[in-house]
Protein chains: 2
Amino acid sequence: MDNDLGKILKQQRITVPLTLQELAAQSGVSSSHLGRIERGERFPSARILRKISRPLGFDEDELFTLAGFLSPQTPGVAEESSWYSGRQLDPYVARMLAEEPPEIQRSVIGVLSLIKSIARSLPR
Amino acid sequence: MDNDLGKILKQQRITVPLTLQELAAQSGVSSSHLGRIERGERFPSARILRKISRPLGFDEDELFTLAGFLSPQTPGVAEESSWYSGRQLDPYVARMLAEEPPEIQRSVIGVLSLIKSIARSLPR
DNA sequence: ATTATAATTTGCCAAATGGCAAATGTCAAC
DNA sequence: GTTGACATTTGCCATTTGGCAAATTATAAT
């Protein structure tokens with residue numbers, strides 16, 4: 001039941017968005033294997049993680065950390081480590097948004113707060 | 001012939017210095033497996049590399065790079081802005097989004113591309 | 001040289017990985 | 001409904017990984 005990685009990978013694939021076959025084509029990993037990884041039937045090797053990191057918009061070391069291959073704190077330039085605790089911006093998101101002109105970037109925030117206000121008025 | 005990693009690992013083990021058995025004891029990897037890795041009969045998995053990195057005095061990511069699991073220079077987690085092309089991210093937008101949990105951040109991108117696809121199908 | 005002891009290698013095996021092809025599911029158009 | 005085009009899952013299999021124990025090879029010490 002402790003399958004974060006599979007869920008994270010699937011979540012990211014869905015939101016990119018990609019199908020298993022498309023991800024397979026872009027990464028060179030078979031779709032059946034990818035599927036099994038997502039639902040926790042197989043554990044991805046470093047080679048596989050490396051192959052799928054780019055198409056999914058992850059940094060290589062990011063996936064390695066999630067897989068437990070690499071310790072949470074990234075050496076490099078000392079930086080705040082608790083990264084997935086939500087204090088920091090997802091690199092993929094940052095990269096995508098940076099492609100947009102500034103006014104679009106800001107309206108994204110507007111849409112987000114709109115959605116959140118809708119959520120607040122929803123029966124729970 | 002094409003075995004840098006094995007030689008490097010052995011060289012490092014010799015100069016530490018350690019025997020295969022000592023390294024096995026400190027790392028929790030069997031000495032027979034370590035021996036095979038050194039002479040290139042087996043290729044170490046990420047899990048094994050992680051276990052032997054400390055006793056050998058390597059940084060984890062260092063061995064991963066030598067093994068070809070990680071690209072030569074991995075940028076730190078937070079400063080990819082240097083290699084994103086073109087525009088940059090509005091600091092206000094970045095700060096707002098960073099407050100959200102990662103899955104929300106990513107679904108924002110999904111919403112954005114949805115909106116863009118709708119926009120493209122609109123009469124001008 | 002002959003032990004004793006430590007270090008390395010080999011044989012064998014269980015478990016895991018990952019691909020291919022067939023089976024199954026899903027969903028829209030007709 | 002049926003069909004067809006996808007996407008996902010499953011069955012099966014080759015390959016690889018990594019451990020254990022036995023065999024071999026140093027390395028001393030007497």
Side-chain angles (χ1 to χ4, degrees), chain A residues 1-58 60 63-70, chain B residues 1-58 60 63-70 110 113-114 117-118 121:
Chain A
M1 286 295 188
D2 66 315
N3 178 28
D4 341 346
L5 187 55
K7 289 178 185 285
I8 291 176
L9 290 178
K10 177 165 189 176
Q11 165 68 22
Q12 182 71 355
R13 176 177 64 82
I14 296 304
T15 54
V16 164
L18 291 172
T19 70
L20 283 175
Q21 311 201 61
E22 290 167 333
L23 179 55
Q26 291 187 33
S27 63
V29 179
S30 73
S31 61
S32 60
H33 192 47
L34 290 173
R36 283 196 247 246
I37 288 173
E38 283 188 354
R39 77 191 92 100
E41 297 175 27
R42 291 282 193 283
F43 195 77
S45 71
R47 185 175 64 92
I48 298 295
L49 281 186
R50 186 177 208 278
K51 282 179 161 184
I52 66 178
S53 61
R54 189 65 49 96
L56 286 181
F58 282 110
E60 291 174 356
L63 282 190
F64 280 31
T65 304
L66 286 172
F69 290 158
L70 222 45
Chain B
M1 281 303 199
D2 50 324
N3 177 29
D4 327 340
L5 186 56
K7 291 176 189 255
I8 292 177
L9 291 179
K10 177 165 188 177
Q11 169 65 29
Q12 182 71 3
R13 177 178 64 83
I14 297 304
T15 54
V16 163
L18 290 173
T19 70
L20 283 175
Q21 311 201 59
E22 289 168 333
L23 179 55
Q26 292 186 34
S27 63
V29 180
S30 73
S31 61
S32 60
H33 191 48
L34 291 173
R36 283 196 248 246
I37 289 173
E38 285 188 352
R39 76 190 93 104
E41 297 175 27
R42 290 283 193 282
F43 195 78
S45 71
R47 187 174 63 91
I48 298 295
L49 281 186
R50 187 179 206 278
K51 283 179 161 185
I52 67 178
S53 61
R54 187 65 57 97
L56 286 182
F58 282 110
E60 290 175 357
L63 282 191
F64 280 38
T65 305
L66 286 172
F69 290 158
L70 221 45
S113 56
L114 170 63
S117 80
I118 294 177
S121 68

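Below, read A as the first sequence line, B as the second, and so on, with proteins coming before strands; counting in each chain starts at 1. Reckoned from all heavy atoms, side chains included, excluding hydrogens, waters and symmetry mates.
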* Under 3.5 Å: donor-acceptor pair, side chain of A/Gln26, backbone of A/Pro55 -> no
* Would you mind reporting whether A/Leu49 and A/Phe58 have side-chain heavy atoms less than 4.5 Å apart? => no
* **Gap between atoms CZ and C1', on A/Arg39 and C/dT24 respectively (whole Å)** => 12 Å
Grab the N/O contacts between the protein and nucleotides 25-27 of chain C below 3.5 Å, and write none if there aren't any.
none

* Measure the distance from CD on B/Glu38 to P on C/dT9 and round it to the nearest whole Å. => 8 Å
N/O to N/O distances under 3.5 Å, protein versus nucleotides 15-19 of chain D:
unit_1	atom_1	unit_2	atom_2	d
D/dT17	OP1	B/Phe43	O	3.3
D/dG18	OP1	B/Ser45	OG	2.2
D/dG18	OP2	B/His33	NE2	2.9
D/dG18	OP2	B/Ser45	N	3.2
D/dG18	O5'	B/His33	NE2	3.2
D/dG18	N7	B/Arg42	NE	3.1
D/dG18	O6	B/Arg42	NH2	3.0
D/dG19	OP2	B/Ser30	N	3.1
D/dG19	OP2	B/Ser30	OG	2.9
D/dG19	O6	B/Arg36	NH2	2.7

* Between C1' of C/dA7 and CD1 of B/Ile14, the distance in whole Å -> 11 Å
* Please confirm whether the backbone N or O of A/Phe69 pairs with a side-chain atom of B/Arg50, one donor and one acceptor, at under 3.5 Å? => yes
* To do: Show the numbers, then the answer: is there a side chain to side chain contact (heavy atoms under 4.5 Å, CB included) between A/Leu66 and A/Asp4?
  => CA-CA 8 Å; A/Leu66 286 172; A/Asp4 341 346; over 6 Å; no
* Please report the shortest heavy-atom distance between A/Arg13 and A/Leu20, naming the atom on each side. => NH1-N, 3.3 Å
* To do: Report the distance from atom CD of A/Gln26 to atom P of D/dA7, rounded to the nearest whole Å.
  => 13 Å
* To do: Specify the separation, in whole Å, of atom CG of B/Leu20 and atom P of C/dT10.
  => 12 Å
* Determine whether B/Val29 and B/Pro44 make a side-chain contact, defined as any pair of heavy atoms from C-beta on separated by less than 4.5 Å. => no
* Are any of B/Arg13's side-chain N or O atoms less than 4.0 Å away from OP1 or OP2 of C/dA7? -> no
* **Protein-nucleotide distance (A/Gln21, atom CD; D/dA5, atom P), rounded to Å** => 14 Å
* Taking the side chain as every heavy atom from C-beta outward, state whether B/Leu63 and B/Ile52 have any atom pair closer than 4.5 Å. => yes
* **Closest non-hydrogen atom pair between B/Gly28 and B/Lys51, with its separation** => O-NZ, 3.7 Å
